[in-house]
Amino acid sequence: MSNPVRSSASVLLSAAQIWSTDDPFGVTGRVAQPAASEPATPVPAASVDDPMADDARIAMARSESTPSDNATQVVDSITAETKSAPADTPERSLAETIASATLPPPPRTWPPRKLSLALQGGGTLSAFTWGVLDRLLEEPGCDFDTISGASAGAVNAALLASGLARSGRDEARSRLALFWTRLTEEVSFRSLMVIGGYSPASSAVSFGAGLRGGRADPLDLDPLRDILAETIDFEAVQSAAAPRLLVAATRVRDGLPQIFRNGEITPDVLLASTCPAQLHAAVDIADETYWDGGYVANPPLIQIAHDSSAADLLVIQVTPARDGYVPVTSAAIDRRLDQIAANAVLNAELAALEWARSDGLHPPRVHRLAADDEIEALAQRDATDLGSDFIDMLHQRGRAAADRWLREAPVGTTPAVQDEQPVSPSAPAAPAPETLRDVAPA
């Protein structure tokens, strides 16, 4: 399987640009091909007695093409075949021909055998994502293809990829549990910085003894780098064994998203992706300066649609979209504005993918798990709350949501035969190692 397009930025594009052979991101690369484990279905031969044979042949050719096939070539090919069709073949308009060539694929097995993930950032609310990943990792028939993330979503993505690449699913569960357990046990100013959950205008922010004792330096990145280095094996993340990663940060000079991939991901990249602009100095990487990726790609969706070879994309949304109350205090107003801004970026990229689908193209099928669908009045909760009860509740609700999603097969899918009893959504997380030394890179 050839490597996907490797580019440095993700921007909103028109549907035609999204799948054009002209690289919209300004970097020439190779496009992902279907996995070798997914054999192509034979293309039916054309038959005068069966006018739909042509439709099936065109549809199959379209489904086997890469996302960057030139739209003009597709239309030219269809037009040429129409001209050469037998005289007694029923006439169809070009629109009808294209429509028949973009029919949905046949029923597929559920849960998906290959899945890409897009992980939204949202401070401590991203513990919900930990719960979702914890449950997905218990589903052995579902492999991960490409994972994108911003802010705390990027940290979750790196933890997941690190564990999978190093020794598999149990290791990934352990690393995720260790990271979130450590945050709750060492509640401090630095802990909030590492997950991008600090809002300077909010009077509701409460810190642990580390800040109250005056020992926290908001410009000191070394403790944050240490936490990431101790819980994430960056050598494993950069290896060929890891799922593809797309980590977003915001370029300060032009406000555009920068997408970092496996070979580029370091502690500094994650610090940049989780760097709240109002709190501490921007992070410098290779002559560029960066802020939190949540401002511009939360999480990256257009780029993951290009890079992923999976037919299904699961978006995990942790920032509340709905709020039944009109905020009146400065802290509440600030919190609500943060929520609106974070979801505006996500909704724009979701709309772009839907636009591509409405134009007859084939981006991945998008599924979404939203934390505020599972937790009542989540918009009123503080995204800097590192209390163990709150984190545990988010984790358990994430597990339950993922379990229900895995078990409730959508229309048009065939449930997979389960060899084992389903895991209860209330099952405990994988136990974290007793010491950081147990999971530190070898």
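We number each residue from 1, following the sequence as shown. Just so it is clear, the structure is predicted and the values come from calculations on it, not from any experiment.
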**Student:** Test side-chain contact (heavy atoms from CB on, under 4.5 Å) on Asp145 and Arg244 and set out the steps.
**Tutor:** CA-CA 6 Å; Asp145 182 75; Arg244 284 189 291 266; 2.8 Å; yes
**Student:** Side-chain contact test, heavy atoms from C-beta onward, threshold under 4.5 Å: evaluate it for Ile391 versus Thr124 and give yes or no.
**Tutor:** yes
**Student:** Can any side-chain N or O of Thr181 pair as donor or acceptor with the backbone N or O of Leu178 at less than 3.5 Å?
**Tutor:** no
**Student:** Which pair of non-hydrogen atoms, one from Phe144 and one from Pro243, has the smallest distance, and what is that distance?
**Tutor:** O-CB, 4.2 Å
**Student:** Between Leu117 and Ile304, what is the shortest heavy-atom contact and its length?
**Tutor:** O-CD1, 3.2 Å
**Student:** Check whether the side chains of Ser126 and Asn156 place a donor and an acceptor atom closer than 3.5 Å, and report yes or no.
**Tutor:** no
**Student:** Look up atom CG in Leu313 and atom CG in Leu353, then write down how far apart they are to the nearest 0.5 Å.
**Tutor:** 7.5 Å
**Student:** To check you understand the geometry: which heavy-atom pair defines the closest contact between Gln339 and Thr319, and what is its length?
**Tutor:** CA-CG2, 3.6 Å
**Student:** Run the side-chain contact (heavy atoms from CB on, under 4.5 Å) check on Leu136 and Trp405 step by step: do they pass?
**Tutor:** CA-CA 10 Å; Leu136 292 177; Trp405 181 76; 4.2 Å; yes
**Student:** Hey, could you give me the CZ/CD1 distance between Arg251 and Ile285, rounded to the nearest 0.5 Å?
**Tutor:** 12.0 Å
**Student:** Between the side chains of Asp284 and Thr289, does any donor sit under 3.5 Å from an acceptor?
**Tutor:** yes
**Student:** Taking the basic N atoms (NZ, or NE/NH1/NH2) and the acidic carboxylate oxygens, is any pair closer than 4.0 Å for Glu235 and Arg166?
**Tutor:** no
**Student:** What's the shortest heavy-atom distance between Arg175 and Leu159, and which atoms?
**Tutor:** O-CD2, 3.8 Å
**Student:** Any side-chain heavy atom of Leu270 within less than 4.5 Å of one from Ile232?
**Tutor:** yes
**Student:** Could you tell me whether a side-chain N or O of Asn262 sits under 3.5 Å from a main-chain N or O of Val237, the two making a donor and an acceptor?
**Tutor:** yes
**Student:** State whether the side chain of Ser308 and the backbone N or O of Ala310 hold a donor-acceptor pair below 3.5 Å, judged by distance alone.
**Tutor:** yes
**Student:** Where do Leu314 and Ile316 land on the side-chain contact (heavy atoms from CB on, under 4.5 Å) test, with the steps shown first?
**Tutor:** CA-CA 6 Å; Leu314 176 60; Ile316 304 176; 4.3 Å; yes
**Student:** Could you tell me if the side chain of Met393 sits less than 4.5 Å from the side chain of Ile375, heavy atoms only?
**Tutor:** yes
**Student:** Indicate whether the side chain of Asn343 and that of Gln120 have a donor and an acceptor atom separated by less than 3.5 Å.
**Tutor:** yes
**Student:** Is it true that a side-chain atom of Ser273 and a backbone atom of Ala248 form a donor plus acceptor pair closer than 3.5 Å?
**Tutor:** yes
**Student:** Out of curiosity, Leu119 CG to Ser151 OG, how far, rounded to the nearest 0.5 Å?
**Tutor:** 11.5 Å
**Student:** Can you name the nearest heavy-atom pair linking Ile259 to Pro300, along with the distance?
**Tutor:** CD1-CG, 3.8 Å
**Student:** Which value, rounded to the nearest 0.5 Å, describes the distance between Leu176 atom CG and Glu171 atom CD?
**Tutor:** 10.5 Å
**Student:** Decide ring pair (Phe, Tyr, Trp, His ring centres under 6.0 Å) for Trp180 and His395; before the verdict, give the C-alpha distance in whole Å, the side-chain angles of both, and the deciding distance to 0.1 Å.
**Tutor:** CA-CA 10 Å; Trp180 285 99; His395 171 253; 9.6 Å; no
**Student:** For Asp312, run the salt bridge (charged side-chain N to carboxylate O under 4.0 Å, His left out) check against Lys114, Arg368, Arg108 and tell me which one passes.
**Tutor:** Arg108
**Student:** Identify the heavy atoms of Pro257 and Ala297 that sit nearest to each other, and give their distance.
**Tutor:** CB-CB, 4.2 Å
**Student:** Are Glu288 and Gln258 side-chain neighbours, meaning at least one heavy-atom pair lies under 4.5 Å?
**Tutor:** no
**Student:** Taking C-beta and beyond as the side chain, do Leu245 and Phe260 meet within less than 4.5 Å on heavy atoms?
**Tutor:** no
**Student:** For the side chain of Asp292 and the backbone of Ala249, is there at least one donor-acceptor N/O pair under 3.5 Å apart?
**Tutor:** no
**Student:** Does any donor atom in the side chain of Asp233 or Ser162 lie under 3.5 Å from an acceptor atom in the other side chain?
**Tutor:** no
**Student:** Give the C-alpha distance, both sets of side-chain angles, the deciding distance and a yes or no for side-chain hydrogen bond (donor to acceptor under 3.5 Å, both in side chains) between Asp307 and Thr146.
**Tutor:** CA-CA 7 Å; Asp307 287 18; Thr146 306; over 6 Å; no
**Student:** Please determine if Arg113 and Asp143 form a salt bridge, counting it only when a charged side-chain N lies under 4.0 Å from a carboxylate O.
**Tutor:** no
**Student:** Distance from Trp110 atom CH2 to Cys142 atom SG, nearest 0.5 Å?
**Tutor:** 8.5 Å
**Student:** Output yes when a side-chain donor or acceptor of Gln238 lies under 3.5 Å from a complementary backbone atom of Ile265, and no otherwise.
**Tutor:** yes
**Student:** Looking at Glu376 and Arg381, is any side-chain nitrogen of the basic one under 4.0 Å from a carboxylate oxygen of the acidic one?
**Tutor:** no
**Student:** Is any side-chain heavy atom of Asp403 closer than 4.5 Å to a side-chain heavy atom of Arg407?
**Tutor:** yes
**Student:** Under 3.5 Å, side chain of Arg169 to main-chain N/O of Glu139, donor-acceptor pair present?
**Tutor:** yes
**Student:** Do Asp373 and Arg404 sit within salt-bridge range, that is, some charged N less than 4.0 Å from a carboxylate O?
**Tutor:** no
**Student:** Are Thr266 and Leu228 packed together at the side-chain level, in the sense that at least one heavy-atom pair is separated by less than 4.5 angstrom?
**Tutor:** no
**Student:** Can you tell me how far apart CZ (Arg365) and OG (Ser116) are? Round to the nearest 0.5 Å.
**Tutor:** 11.5 Å
**Student:** Going by an N to O cut-off under 4.0 Å, is there a salt bridge joining Arg399 and Glu138?
**Tutor:** yes
**Student:** Asn298 versus Leu346: any side-chain heavy-atom pair under 4.5 Å?
**Tutor:** no
**Student:** Ignoring hydrogens and geometry, is there a side-chain-to-backbone donor-acceptor pair from Thr231 to Phe179 under 3.5 Å?
**Tutor:** no
**Student:** Report the C-alpha distance between Tyr295 and Tyr290 in whole Å, list the side-chain angles of each, state the deciding distance to 0.1 Å, and finish with yes or no for ring pair (Phe, Tyr, Trp, His ring centres under 6.0 Å).
**Tutor:** CA-CA 11 Å; Tyr295 298 131; Tyr290 299 99; over 10 Å; no
**Student:** Would you mind checking if Arg335 and Asp338 are paired as a salt bridge, meaning a charged N to carboxylate O distance below 4.0 Å?
**Tutor:** no
**Student:** Kindly say whether Ala402 contributes a backbone atom to a donor-acceptor pair with the side chain of Arg135 at under 3.5 angstrom?
**Tutor:** no
**Student:** For Phe128 and Asp372, run side-chain contact (heavy atoms from CB on, under 4.5 Å): C-alpha distance rounded to whole Å, both residues' side-chain angles, the deciding distance at 0.1 Å, then the answer.
**Tutor:** CA-CA 10 Å; Phe128 177 86; Asp372 65 348; over 6 Å; no
